Structures are given as structure tokens and as C-alpha cells.
Asks: 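One structure is given below, represented as C-alpha cells, and several questions about it will come after.
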Amino acid sequence: MAYAATKRKRGVRQDRFSDKPASDSTIPPTLSRYKVREFHARCRGFLRFRSLVRRNKRRTTSVCLGISHHEASNLFGYKFDSSKPIHEDEVIDLVDEEDSSIEQAAKEYSSPSPPRAPKGSYLSVPLIRRSPRLKKKRAEVSRELFIPLKEEEDAQVKSAFSVRNRMKVLVLHKHSGIEIRGETLQCLKPCAWLNDDVINLYLELLKERETRDPQKDFKCHFFNTFFYVKLTRPSYNYKAVRRWTRHKRLGYNLIDCDIIFVPIHGVVHWTLAVINIRECKFMYLDSLNGSDPTILTAVAKYFVDEVKDKNGKTIDISSWDMEYVKDLPLQQNGYDCGMFMLKYIDFYSRGLGLKFSQTDMPYFRVKTAKEILRLQAD
């Protein structure tokens with residue numbers, strides 16, 4: 001009996017794995033493991049994004065996760081819509097702050113001032129009077145920012161995105177030591193979240209662009225994505241980042257800059273904090289139109305501590321504005337927050353208006369990949 005039962009089990013096992021061809025109706029559809037992985041990643045991203053939106057009760061704009069067939073074809077084909085209207089050029093003027101026409105220029109380019117920070121806090125200290133300096137007007141977006149990629153550039157990006165280059169080192173930035181492999185660059189493909197390496201390398205390229213042509217861009221400092229985490233977790237600690245901005249390392253002090261950019265990464269969302277020394281205000285930019293007062297409070301306290309430590313002076317920022325920028329391009333999905341943050345930095349560092357939208361993100365992703373592969377920001 002035992003032998004017969006064993007034989008029957010073996011017979012079933014042999015039938016189950018027989019070499020006979022199965023009918024077409026029983027063959028399941030085959031999907032590559034990369035497609036399955038991408039599907040699960042999108043599901044996880046949707047669930048996290050939905051929970052984030054529910055927690056953000058102050059958000060005033062609606063968020064739509066759907067895209068049209070035309071947008072989907074542009075996303076997955078990496079095509080740039082050349083029929084899109086492009087803004088006209090406008091020259092960036094330099095205006096002396098002591099010029100008689102500065103009042104008129106200020107009226108044209110200034111916005112209503114938001115509520116100021118409460119006085120009587122730890123930030124109430126004497127103010128440093130800045131010397132007169134050249135001041136740039138905010139210019140409109142120029143045509144060169146939306147030039148489509150050339151055929152060889154598009155082919156280079158598609159090759160870098162291919163599966164065969166996933167483990168290959170594509171570029172190495174010597175100054176920062178950041179290494180970009182094919183799998184790291186995959187975050188610039190459609191529907192993916194940007195990672196720290198890609199963001200930090202692009203910020204290094206923006207700094208090098210400013211060095212190449214200092215007359216075109218503002219004097220900026222770009223903190224990397226690890227700065228704010230080191231500064232505030234588990235609690236505010238200036239000593240943890242005190243050595244990050246030594247004059248010997250940077251060649252300048254932060255008080256000498258026009259704008260300082262601080263990337264902020266929450267649980268599943270990228271935002272941006274800006275120390276705008278030119279206009280004496282702290283700014284917070286969120287592509288979901290949210291606000292977080294704790295971030296600007298920590299950044300303001302850091303700026304006071306930094307000036308006192310590096311310059312031996314105290315600065316009164318009680319009169320500085322805390323601005324939560326509302327009139328800015330917003331994302332309409334759950335994965336482009338990192339790309340929006342990079343373009344906020346890119347445009348603001350050149351004094352340009354934020355004249356782009358969600359429909360430009362597929363183009364900006366491919367363009368950013370091209371700039372990283374060539375280690376030069378346009």
C-alpha cells in the first residue's frame with residue numbers, strides 16, 4: 001500500500017511537470033520582473049501620497065493622480081512637445097540700490113508682504129546694515145530653458161536608462177565624490193521619486209554654473225539633502241553642522257551670499273526652504289502648497305547662529321518676513337515633488353520667474369539626466 005501510494009504521488013508529480021505543451025488558454029501572460037517591480041512601486045507611492053494628502057489639512061488645491069493618454073505618451077516616450085508656446089526673452093538688468101528708479105522697480109517686482117514673525121523671541125538681536133550692491137530684477141523665462149534635446153543627447157539618455165547599464169558607473173563627480181550608477185539615474189525616469197545622489201549632484205552642478213558665469217547668476221549657497229536632517233534630528237543642534245561652512249572650505253561666508261537654499265525631505269515629500277538675504281526674508285516652497293512653521297523657525301535660528309559664529313556679529317531678523325510662497329507651480333501627481341524642488345532652485349538662483357508647470361516635468365527629467373551625464377548644468 002505504501003509503495004502504491006508513493007507511486008501515485010510520483011505519477012501526479014510527473015503529470016504536473018510533463019513536457020506536453022499546454023493549450024494557449026492556460027498560458028498566463030508573462031511580465032518582466034522590472035514591470036512588476038514598477039507596478040508595485042507605483043502602488044506603494046499612491047498609498048503613501050494619499051495618506052500624506054489626508055494629513056495635510058491646510059492644503060487648498062486639489063490633487064489629481066490621473067494623466068491623459070497624450071501625457072502618458074509623452075512620459076514613456078521621452079518626447080518634448082515642440083508645439084508648446086515658449087515665453088519671449090527678457091534681458092536681466094542690473095540696478096543699483098541707490099538709484100532713483102529703484103522704488104519703481106520695487107513696485108513692479110514686489111508682492112504683498114505676508115505676516116511677519118512674532119517679536120520678542122530669541123531672534124531679536126541687532127541688525128547688520130548691508131552695503132549698497134547691485135541688485136537684479138526678476139526676469140522672465142528665456143527661450144533657451146526649453147530647447148529640446150538633440151538626437152545624440154536623447155540617445156545618450158535612453159542608453160543610460162537601459163537595463164544593461166543598471167550596475168554601470170555612468171559618471172563620477174570628483175569634487176564631491178558622488179558616483180552615479182545606472183540604477184541611481186533610474187529615478188529620473190517617469191513616475192519615479194528622486195533620490196539624494198541625483199539631487200546633490202545636480203546642486204553641485206548649479207554651483208559650478210554660478211562659478212563659470214558669476215555675472216549671470218546670484219551668489220548662492222546650496223546645502224545638500226543631509227544638512228537639514230543633521231541640523232534638526234533628533235532636535236536642533238547647531239554644533240552638528242558648525243564645520244560644514246568653514247571659510248577655508250567654502251572660500252566665503254554665508255552672510256556674503258544673496259540666497260541660501262536648504263532642501264527639505266519629509267517622510268515622502270521634498271520641499272524647499274530659502275534664506276533670501278537680498279530681500280531679508282525666509283521662504284518656504286512646497287509643490288503641494290503646504291506650510292510648516294517649524295522648518296522656517298529652525299532655518300532662521302541656524303542663520304543667526306551661523307553669522308554669530310563665523311562673523312562674530314549678531315543679526316536682528318525680527319523684521320524679516322516668513323513667507324510661505326503660494327503663487328508657484330504645483331504638482332498634480334504623487335511623484336514629481338523632487339523635480340519641482342530642483343526647478344525652484346534652478347530658476348530662483350538665476351533670478352527667473354517660476355514660469356513652468358506640471359506638463360514640463362517630463363522634459364525637465366530628461367534634461368536633468370542629460371546635464372548629469374555631461375556633468376554640466378545648462
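Here the structure is a predicted model, which means the values were calculated and not measured. In this chain, numbering begins with 1 at the start of the sequence shown.
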Asks: Identify the heavy atoms of Asn165 and Ser159 that sit nearest to each other, and give their distance.
Replies: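 Where Asn165 meets Ser159 most closely, the heavy atoms are ND2-O, 2.6 Å.
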
Asks: For Asp309, enumerate each residue passing the salt bridge (charged side-chain N to carboxylate O under 4.0 Å, His left out) test, keeping only those at least two apart in sequence or located in another chain.
Replies: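 With sequence neighbours excluded, Asp309 shows a salt bridge (charged side-chain N to carboxylate O under 4.0 Å, His left out) to Arg242, given in chain and number order.
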
Asks: Mind checking side chain to side chain donor-acceptor pair (under 3.5 Å) for Thr225 and listing every partner two or more places apart, or none if nothing turns up?
Replies: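 Residues passing side chain to side chain donor-acceptor pair (under 3.5 Å) with Thr225: Asp196, Asn200.
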
Asks: Glu183: what forms a salt bridge (charged side-chain N to carboxylate O under 4.0 Å, His left out) with it, not counting sequence neighbours?
Replies: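 With sequence neighbours excluded, Glu183 shows a salt bridge (charged side-chain N to carboxylate O under 4.0 Å, His left out) to no residue whatsoever.
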
Asks: Apply side chain to side chain donor-acceptor pair (under 3.5 Å) to Asn237 and list each qualifying residue two or more places apart in sequence or on a separate chain.
Replies: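 Once residues adjacent in sequence are excluded, Asn237 has no partner under the side chain to side chain donor-acceptor pair (under 3.5 Å) criterion.
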
Asks: Do Leu330 and Leu288 have side chains that get closer than 4.5 Å, going by heavy atoms?
Replies: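 In short, these two side chains do not touch, never coming nearer than 4.5 Å.
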
Asks: In chain order, what residues pass the side chain to side chain donor-acceptor pair (under 3.5 Å) check against Arg246, with sequence neighbours excluded?
Replies: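 For Arg246, no residue satisfies side chain to side chain donor-acceptor pair (under 3.5 Å) once neighbours in sequence are set aside.
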
Asks: Quick test of your reading: applying salt bridge (Lys or Arg N to Asp or Glu O under 4.0 Å), list the pairs with at least one residue in residues 200-210, sequence neighbours left out, ordered by first then second residue.
Replies: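 Residue pairs passing salt bridge (Lys or Arg N to Asp or Glu O under 4.0 Å), neighbours aside: Lys207-Glu210, Arg209-Asp217, Arg209-Asp346.
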
Asks: Quick check: do Glu153 and Lys367 have side-chain heavy atoms less than 4.5 Å from each other?
Replies: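 The answer is no, as the side chains (C-beta and beyond) never meet within the 4.5 Å cut-off.
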
Asks: Among residues at least two apart in sequence or on other chains, which ones pass ring-ring contact (aromatic ring centres under 6.0 Å, His included) with Phe303?
Replies: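 Partners of Phe303 by the ring-ring contact (aromatic ring centres under 6.0 Å, His included) criterion, ordered by chain and then number, come out as Trp320.
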
Asks: Return the set of residues passing side chain to side chain contact (heavy atoms under 4.5 Å, CB included) with Thr184 (not counting sequence neighbours), or none when no residue passes.
Replies: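 Side chain to side chain contact (heavy atoms under 4.5 Å, CB included) list for Thr184, sorted by chain: Ile180, Arg181, Asn195, Asp197, Val198.
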
Asks: For Leu206 and Ala377, which heavy atoms make the closest approach, and how far apart are they?
Replies: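 Where Leu206 meets Ala377 most closely, the heavy atoms are CD2-CB, 4.1 Å.
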
Asks: Would you compute the distance between atom CD of Gln186 and atom OG of Ser162 and round it to the nearest 0.5 angstrom?
Replies: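 Nearest 0.5 Å value for the CD-OG distance: 8.0 Å.
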
Asks: Just jot down the side chain to side chain donor-acceptor pair (under 3.5 Å) partners of Thr271, sequence neighbours excluded, or say none.
Replies: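 By the side chain to side chain donor-acceptor pair (under 3.5 Å) rule, Thr271 matches Tyr284.
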
Asks: Is NZ or CZ of Arg350 both nearer than 6.0 Å to the six-membered ring centre of Phe218 and within 45° of the ring axis?
Replies: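 Output no; distance or angle outside limits.
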
Asks: Test the Lys219-Tyr252 pair against the cation-pi criterion, namely NZ or CZ under 6.0 angstrom from the six-membered ring centroid and within 45° of the ring axis.
Replies: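 Judged by the rule, Lys219 and Tyr252 form a cation-pi pair.
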
Asks: To the closest 0.5 Å, what do you measure between CE (Met283) and CZ (Phe261)?
Replies: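 Going from the CE atom of Met283 to the CZ atom of Phe261 covers 8.5 Å.
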
Asks: Is Asn224 reaching over with its side chain to a backbone N or O of Phe226, donor-acceptor style, under 3.5 angstrom?
Replies: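 Yes, because the side chain of Asn224 sits within donor-acceptor range (under 3.5 Å) of the backbone of Phe226.
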
Asks: Check the angle between the aromatic planes of Trp270 and His265 and answer parallel, tilted or perpendicular using the 30° and 60° thresholds.
Replies: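 Taking His265 first and then Trp270, their aromatic rings sit tilted (interplane angle of 30° to 60°).
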
Asks: Looking at NZ of Lys189 and CZ of Arg365, how far apart are the two atoms once the value is rounded to the nearest 0.5 Å?
Replies: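 Rounded to the nearest 0.5 Å, the NZ-CZ separation comes out at 11.5 Å.
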
Asks: Applying salt bridge (charged side-chain N to carboxylate O under 4.0 Å, His left out), can you list everything that pairs with Asp378, at least two apart in sequence or on another chain?
Replies: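 Partners of Asp378 by the salt bridge (charged side-chain N to carboxylate O under 4.0 Å, His left out) criterion, ordered by chain and then number, come out as Lys370.
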
Asks: Run the side chain to side chain contact (heavy atoms under 4.5 Å, CB included) test on Val262 and Val274 for me, step by step, so that the C-alpha distance in whole Å, both residues' side-chain angles and the decisive distance to 0.1 Å come before the verdict.
Replies: CA-CA 6 Å; Val262 183; Val274 180; over 6 Å; no

Asks: Would you say the side chain of Arg212 lies within less than 4.5 Å of the side chain of Gln376, judging by non-hydrogen atoms?
Replies: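 Side chain of Gln376 against side chain of Arg212, heavy atoms only: contact under 4.5 Å found.
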
Asks: With sequence neighbours excluded, what pairs up with Lys310 under the salt bridge (charged side-chain N to carboxylate O under 4.0 Å, His left out) test?
Replies: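 With neighbours one apart ignored, the set is Glu306.
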
Asks: List the steps, then state whether salt bridge (charged side-chain N to carboxylate O under 4.0 Å, His left out) holds for Asp154 with Lys158.
Replies: CA-CA 6 Å; Asp154 186 65; Lys158 289 183 178 180; 3.4 Å; yes

Asks: Less than 4.5 Å apart, any side-chain heavy atom of Cys337 and any of Trp193?
Replies: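 Cys337 vs Trp193: side chains apart.
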
Asks: For Phe227, which residues count as a ring-ring contact (aromatic ring centres under 6.0 Å, His included) partner, sequence neighbours excluded?
Replies: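 Per chain and number, Phe227 pairs via ring-ring contact (aromatic ring centres under 6.0 Å, His included) with Phe223, Trp244, Tyr302.
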
Asks: Of the non-hydrogen atoms in Asp292 and Thr294, which two are nearest, and what is the gap between them?
Replies: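 Between these two residues, the closest heavy atoms are OD1-OG1, 2.5 Å.
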
Asks: So, Tyr363 side chain and Ile147 main chain: donor-acceptor pair closer than 3.5 Å or not?
Replies: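 Yes.
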
Asks: Any side-chain heavy atom of Leu188 within less than 4.5 Å of one from Phe161?
Replies: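 Yes, at least one pair of side-chain atoms sits under 4.5 Å.
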
Asks: Checking Gln331 side chain against Asn333 main chain: does a donor-acceptor pair fall under 3.5 Å?
Replies: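 Yes.
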
Asks: With rounding to the nearest 0.5 Å, note down the distance linking CD1 in Ile277 to CD in Glu279.
Replies: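 So the gap between those two atoms works out to 11.5 Å.
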
Asks: Please check: side-chain N/O of Asn253 versus main-chain N/O of Ile255, any donor-acceptor pairing under 3.5 Å?
Replies: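 Absent.
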
Asks: Do Tyr238 and Lys301 make a side-chain contact, defined as non-hydrogen atoms from C-beta onward lying under 4.5 Å apart?
Replies: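 They are not in contact (no side-chain heavy atoms under 4.5 Å apart), so the answer is no.
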
